[in-house]
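Below is one structure, written out as structure tokens, with a few remarks after it.
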Amino acid sequence: MTESKAMILGCSGLALTSEEKAFYRSERPWGFILFGRNISEARQIADLVAELRDSVGWHAPVLIDQEGGRVQRIRPPVLARYPSGQALGDLYRRDRGLGLRAAWLMSRLHAFDLSSLGIDVDCLPVLDVPVEGSSNVIGDRAYGGDPETVIAMGRAAAAGLKAGGLLPVMKHMPGHGRGFADSHLELPVVTVSRDELELHDFPPFVAMKDELMAMTCHVVFAAIDPDNPATTSRKVIDGIIREHIGFSGLLLSDDSSMNALSGTIGERAANIIAGGCDIVLHCNGNMDEMLDVVANVPRLAGISLARAKAVEAGFAAPDTADEAELRVEFEAMFATV
């Protein structure tokens, strides 16, 4: 992977085109991400994952957003439907121990599901802490509206994935919960003080700073950098994510094709790297856009390469848990809810 470029890319459909195979072989993204357009049935998903890795010639990480609730890329009948983060949080608020067990179990079941298809990274947990009136882009994806709940449940969710041999990606650092706009459509601007952010928004990421991967948010924090969203802000990435939060792992941008970011796709990619992210994430599989991305990202090198190697070394063999037993236990938790 030492020749990989600092990017994670999507693909257009259910199987790779000859153009995509040649493109990935030439440009060597560090990893790939799957979306709903790439999903049909289990054998097809596994074959696509194998094609992606074959195109770059090594066991590249393959990511997916498999949270449960609204954000679950692989759905029935291929995989079971899982509850949202809020539903897990509701269980936690009724019975703390039961809620923590549910968060761990659901992630462990995700790991059973995804590893069987060759997918080894789940973009979970969501560590955003929403406030009243904020955009529904996070909404019921969050475990709760207080940092303590989010920390406890986020830790349990990450532990469940790692027990199953998958790696988590924390999102959306340093916090999307206060955004009053959907960053897929427009740029949210947060105007509260840094003190308030340090009390409410940043603590889950501080608590989980030792995880190997995190994803940024396309949100402006006016008290820190009024001119740039976190994804492209040196002030946020160096001053908040690296220094205040203390995160030293691999930092991925959120999707560079989201409308919260300005400029061409190529300009966005360049700004993401210049801002301090290690990896540019581009998800939609559009070849013209991917060509612009690759022209504006470097080969992985220096500290970013070291962080990527730490991720590769961080994959561990799964535990010996019995899938059927865990699935029965998890389903029983929600049978009477």
Side-chain angles (χ1 to χ4, degrees), residues 1 4-10 23-24 27-33 35 60-61 63 65 121 123 128 137 169-176 179 181-190 205 212-221 224-243 245 247-308 311:
M1 62 79 62
S4 296
K5 281 193 171 179
M7 58 190 182
I8 291 170
L9 301 178
F23 173 69
Y24 300 141
E27 299 299 339
R28 299 186 62 79
W30 180 74
F32 300 95
I33 188 165
F35 276 75
L63 292 69
D65 294 289
V121 179
C123 298
D128 306 304
V137 67
V169 178
M170 302 180 289
K171 56 190 186 186
H172 305 82
M173 194 178 275
H176 202 312
D182 182 345
S183 54
H184 294 86
L185 307 174
E186 56 185 308
L187 178 61
V189 177
V190 171
F205 299 100
L212 293 173
M213 284 183 281
M215 181 185 294
T216 64
C217 61
H218 301 332
V219 174
V220 167
F221 297 94
I224 300 159
D225 184 349
D227 301 317
N228 300 287
T231 299
T232 60
S233 171
R234 271 285 172 190
K235 293 178 180 177
V236 173
I237 291 176
D238 288 351
I240 301 301
I241 292 176
R242 297 302 188 189
E243 293 179 17
I245 290 173
F247 176 67
S248 60
L250 191 71
L251 188 64
L252 287 52
S253 74
D254 204 346
D255 184 8
S256 56
S257 64
M258 290 163 62
N259 289 332
L261 299 182
S262 60
T264 66
I265 293 295
E267 289 168 344
R268 295 176 189 185
N271 290 338
I272 287 166
I273 295 297
C277 283
D278 298 302
I279 297 282
V280 173
L281 179 63
H282 184 271
C283 297
N284 66 22
N286 180 290
M287 181 58 72
D288 289 338
E289 291 190 7
M290 291 193 293
L291 288 167
D292 285 342
V293 170
V294 302
N296 287 278
V297 299
R299 298 284 180 186
L300 275 169
I303 188 63
S304 293
L305 177 59
R307 291 167 180 154
V311 169

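If you're wondering where the values come from, they're calculated on a predicted model, not measured in any experiment. FYI, the numbering just counts along the sequence from 1.
Checked against Ser233 for a side-chain hydrogen bond (donor to acceptor under 3.5 Å, both in side chains), the options Asp225, Asn228, Asn271 give a single hit: Asp225. For the pairing with Asp238, the side-chain hydrogen bond (donor to acceptor under 3.5 Å, both in side chains) check across Lys235, Arg234, Arg242 returns one residue only, Arg234. Tested against Lys171, the residues Thr216, Asp65, Asp254 include a single side-chain hydrogen bond (donor to acceptor under 3.5 Å, both in side chains) partner, Asp65.
Taking CZ of Arg307 as the start and CG of Leu252 as the end, the distance is 11.5 Å to the nearest 0.5 Å. Here the CG-CG distance, from Leu250 to Leu305, works out to 10.0 Å after rounding to the nearest 0.5 Å. Here SG of Cys283 is found 4.5 Å from CD1 of Ile33. Values are rounded to the nearest 0.5 Å. Rounding to the nearest 0.5 Å places CG of Leu9 at 13.0 Å from CZ of Arg28. Between the CE atom of Met170 and the CE atom of Met215 there is a distance of 11.0 Å, given to the nearest 0.5 Å. Atom OG of Ser248 sits about 12.5 Å away from atom CD1 of Ile241, to the nearest 0.5 Å.
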request  = Go through Leu291 and Phe23 one step at a time and tell me if the side chain to side chain contact (heavy atoms under 4.5 Å, CB included) criterion holds.
outcome  = CA-CA 9 Å; Leu291 288 167; Phe23 173 69; 3.7 Å; yes

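A donor-acceptor contact shorter than 3.5 Å is absent between the side chain of Arg299 and the backbone of Ala6. The main-chain N or O of Leu281 is found under 3.5 Å from a side-chain atom of Ser256 such that the two form a donor-acceptor pair. One N or O on the side chain of Asp128 and one on the backbone of His172 form a donor-acceptor pair closer than 3.5 Å.
A heavy-atom distance below 4.5 Å is found between the side chains of Ile279 and Leu300. When side chains are defined from C-beta on, Pro174 counts as touching Cys217, because their heavy atoms get closer than 4.5 Å. No side-chain heavy atom of Ile240 sits less than 4.5 Å from a side-chain heavy atom of Phe221.
Between Val297 and Ala269, the closest heavy-atom pair is CG1-CB, 4.1 Å. In plain terms, the two heavy atoms of Ser257 and Asp255 that are nearest each other are OG-OD2, 2.8 Å. Here the shortest heavy-atom pairing between Pro226 and Val220 reads O-CG1, 3.8 Å. Minimum heavy-atom separation, Arg268 to Leu261: NH2-O, 3.0 Å. Heavy-atom minimum distance, Val294 versus Met7: CG1-CE, 3.2 Å. Of all heavy-atom pairs spanning His176 and Pro188, the tightest one is CE1-CG, 4.1 Å.
Side-chain contact of Asp278 with Ser304: a donor-acceptor pair under 3.5 Å is present, judged by distance alone. Defined by atom type and a distance below 3.5 Å, a donor-acceptor pair is present between the side-chain atoms of Thr231 and His218.
For the salt bridge (Lys or Arg N to Asp or Glu O under 4.0 Å) test, residues two or more places apart in sequence or in another chain that qualify with Glu27 are Lys5.
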